[in-house]
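Structure first, commentary second.
This is a predicted model, so every value here is computed, not measured. Residue numbers count from 1 along this sequence.
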Amino acid sequence: MTKPIEFWFDFSSGYAFFAAARIEALAKRVERQVLWRPYMLGTAYQATGARGLSSTPLKRDYARRDWARLARAEGLEFHLPKNHPLIALAATRAFYWIESQDAAAAPRFAQRVFAEYYGNGLDTSDIVAVSSLAPEFNATPEALVQGAQSPEIKAHTKSLAEGAIARGVFGSPFFFADDEPFWGWDRMGMMEDWLKKGGW
């Protein structure tokens, strides 16, 4: 059995949005599955001392220009919410609750969160707002709110993030392909070549 491509991301990462739009097609070309793994990028920043693009002068303005340029190039709708970036802990916990109920639905849930955040300004920090997506995944908003806030899901979400950082994850998007790390949307082409060639 070949290993899936691990896709680590924060819902508030603009570059992760573009990676999410491409990752499944890439995986299909290299005959792999994708393991979608949202996590809190702030946890990595605590370990590295780094700051997010949107909190860093000059980088913030460049990133926003680059995201708009990528959206035009990729033909994707992309609109930053006015209060970007949000701390998307609620959406992240909701993902893992959805996964616990139906693993196959979790990637679709992540894609919907991305689409709603960058399309309609979904408040990914508010579990009630996120729960509006529940009916699309055979769940009630009430069940999603309760499940995402359960001690088990909270502990699972935290444990995964801490484990990822221990393995060297420090950005978003971040990938593992046969345990080889690749950081950034712009490394997806290299990752695909790596998998096709068996590394180098």
Listed partners of K3 passing salt bridge (Lys or Arg N to Asp or Glu O under 4.0 Å), at least two apart | D179

Not counting sequence neighbours, which residues clear salt bridge (Lys or Arg N to Asp or Glu O under 4.0 Å) with R93? List them please.
-> none

Axial cation check for F176 ring with R167, 6.0 Å and 45° limits = yes

Quick one: is the NZ or CZ of K197 closer than 6.0 Å to the six-membered ring centre of W200, and within 45° of its axis?
-> yes

So which of W8, F175, F170, F9 actually passes ring-ring contact (aromatic ring centres under 6.0 Å, His included) with W183?
-> F170

In plain terms, say whether [X] and [Y] are close enough for a salt bridge, that is, a side-chain N and a carboxylate O under 4.0 Å apart.
{"X": "E24", "Y": "K28", "answer": "no"}
{"X": "R37", "Y": "E99", "answer": "yes"}
{"X": "R108", "Y": "E136", "answer": "no"}

Where does the angle between the aromatic ring planes of H84 and Y118 fall among parallel (under 30°), tilted (30 to 60°) and perpendicular (over 60°)?
-> tilted

Does a side-chain heavy-atom distance below 4.5 Å link L122 with L133?
-> yes

Would you say the side-chain atoms of D123 and Y117 include a donor-acceptor pair closer than 3.5 Å?
-> no

Any idea which heavy atoms bring A177 and F182 closest together, and the distance?
-> CB-CE1, 4.0 Å

